[in-house]
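See structure below.
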Amino acid sequence: MITVEQLQAAIHKRVETFNQADYPLSARALEQVELLACQNQILGEDIASPFDVPRQNISAMDGFAFAKGSSLEAGNSITIIGESQAGSPFVGTLNADQGVRIFTGAVVPLACDTVEMQENTNFADIKDTLDKSKPYSITLNKAVKLKNNIRYQGEEIAKDEAVLSRGKRLNPTDISLLANLGIAKVSVYKPLTIGLLSTGDELVAIGEPLTHQAQIYNSNTPTLKSLLKPLPITINDYGIIPDDLSATTQAVAQAMSECDVLISTAGVSVGDYDFLTTVIEQLGKINHYKVAMKPGKPFVFGELTQNLDTPVLYFGLPGNPLSAVVGALNLVIPALWQMTGALASETPKTLQLTATLLDDVKKSPGRVDFQRGILSQDESGAYQVSVFKSQQSHRIKQLSQANCLVVLAKDSGSAAAGSQVQVQPFPWLLA
Ligand code: AMP
Ligand code: MG
């Protein structure tokens with residue numbers, strides 16, 4: 001059976017080809033969005049600065065700007081003949097040994113080459129007696145370093161310099177940068193359409209009444225919608241499909257004509273009523289079936305191709321709600337981020353850290369085990385994790401109580417309290 005790492009690598013490789021050849025990023029449709037709507041979207045263009053930053057020489061201090069050629073030794077006096085405020089520059093000419101009062105963010109007059117903070121002058125001693133409408137003299141407490149305290153025009157970003165690259169997943173600091181450059185709209189990739197489909201005769205949609213004992217609610221569709229929320233995608237919900245070959249064929253055929261990706265839950269085991277694998281093979285192909293993980297073994301990665309120019313990638317998650325979450329987190333969501341066109345450096349990573357086990361855990365070698373646990377820190381800040389005693393995969397309350405998955409390596413066996421294990425905090429703990 002393929003390992004989780006091998007399957008992740010295989011999916012990654014397939015998506016790479018998809019992005020290059022099947023549905024090339026360079027040809028993907030773009031849309032213009034307002035700055036505030038672009039968060040978590042993938043930039044579809046390179047952005048260059050429309051102007052120099054700073055746009056002019058700017059003062060980094062509240063103090064005084066001194067004209068070129070001034071003598072700036074300790075004890076020297078400079079005549080202050082005007083003011084430059086943020087938003088209201090000094091206009092006029094300046095000669096050596098003259099200067100202007102200046103404030104942080106104000107334009108340094110072109111005739112000036114140095115700014116000194118007011119604390120290094122006698123300004124505090126004289127300011128209460130000054131008539132600032134007339135020239136006045138200040139004395140330097142110490143020698144002033146030439147060219148000090150000026151943010152030079154274009155020093156940080158030159159006009160036309162690249163500031164953000166295509167494939168950037170836009171975050172609040174990018175929005176800050178774009179706003180600083182006055183950019184009100186950006187081009188992002190149009191969202192991919194992701195189809196969701198649940199299968200099972202026992203399922204009832206939330207909001208509908210349960211009419212007999214054998215029914216349960218379809219929790220996988222709301223769960224997946226919630227897990228996929230951070231992605232810049234559009235979701236098509238195909239609802240609940242009964243355990244029936246022709247209904248399944250019809251639903252998959254419709255979804256593949258309308259979506260870029262199809263995700264299903266359940267119906268991929270080897271039960272007599274599991275039709276999805278049959279349908280996928282009829283309308284496309286299965287690239288990988290089953291993966292050495294627990295829970296989540298009956299996972300399908302395939303593609304739908306019949307009568308399509310561009311294949312529709314297919315992820316078949318197990319029906320069990322816990323298995324569906326573990327499979328989505330480890331195998332589906334990373335692939336979806338990659339498909340969005342985000343640069344590799346921009347796709348959210350699964351944080352994995354080392355923690356000390358607080359309990360003995362049972363495990364048999366052969367599959368990676370994702371056990372539910374509660375991660376915490378001891379008084380010294382070191383990570384520790386307690387693991388739920390029962391790890392049966394139908395436990396849904398436990399999944400909600402857990403804050404992490406404890407990842408036990410494929411070939412490892414049971415582990416004793418005190419040993420070091422790998423832990424994946426759920427991503428929503430970090431957001
Ligand atoms: P299956 O993969 O069809 O064998 O289903 C495995 C288990 O998951 C069964 O107990 C199903 O009742 C349950 N299940 C399947 N689909 C869902 C769903 N959408 N929501 C909640 N439970 C489900
Ligand atoms: Mg079923």
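In listed order, ligands and their atoms are each counted from 1.
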Is the number of heavy atoms from other residues, nucleotides or ligands within 6.0 Å of OH (Tyr273) greater than 12?
-> no
Between Ile216, Asn320, Thr265, flag the one that comes closest to atom 8 (O) of ligand 1 by a heavy atom.
-> Asn320
Note: heavy atom closest to atom 17 (C) of ligand 1, options Asn218, Asn220, Asp201, belongs to Asn220
What do we get for Thr221 next to ligand 1 when only non-hydrogen atoms under 4.0 Å count, side chain, backbone, both or neither?
-> neither
Under 3.5 Å, is there a donor-acceptor pair between the side chain of Asn120 and the main chain of Met117?
-> no
Among all protein heavy atoms, pick out the one at the shortest distance from atom 12 (O) of ligand 1; state its residue, atom name and that distance to 0.1 Å.
-> Glu202 OE2, 2.6 Å
Candidate with minimal heavy-atom separation from atom 1 (P) of ligand 1, of Ala266, Pro318, Pro222, Gly271 = Ala266
Describe, in one word, how the ring planes of His288 and Phe301 are oriented to each other, choosing from parallel (under 30°), tilted (30 to 60°) and perpendicular (over 60°).
-> parallel
Side-chain donor-acceptor pair under 3.5 Å between Arg395 and Ser390, yes or no?
-> yes
Could you tell me whether the side chains of Asn403 and Arg372 share a donor-acceptor contact shorter than 3.5 Å?
-> no
Please could you name the atoms of ligand 1 that Ser269 approaches to less than 4.0 Å, counting only its heavy atoms?
-> 2 (O), 4 (O)
Between Ser219 and ligand 1, which part of the residue brings a heavy atom under 4.0 Å of the ligand: side chain, backbone, both or neither?
-> both
More than 12 foreign heavy atoms under 6.0 Å from OH of Tyr383: is that the case here?
-> no
Going by the order shown, which atoms of ligand 1 are within less than 4.0 Å of some heavy atom of Tyr217?
-> 20 (N), 21 (C)
Any chance the side chains of Gln32 and Ser187 put a donor and an acceptor closer than 3.5 Å?
-> yes
Could you tell me whether the side chains of Thr350 and Gln424 share a donor-acceptor contact shorter than 3.5 Å?
-> no
Mark whether atom 10 (O) of ligand 1 lies under 4.0 angstrom from at least one protein heavy atom.
-> no
Heavy-atom contacts under 4.0 Å between Leu203 and ligand 1: side chain, backbone, both, or neither?
-> side chain
Write out the residue and atom name of the closest protein heavy atom to atom 23 (C) of ligand 1, then the distance separating them to 0.1 Å.
-> Gly319 O, 3.3 Å
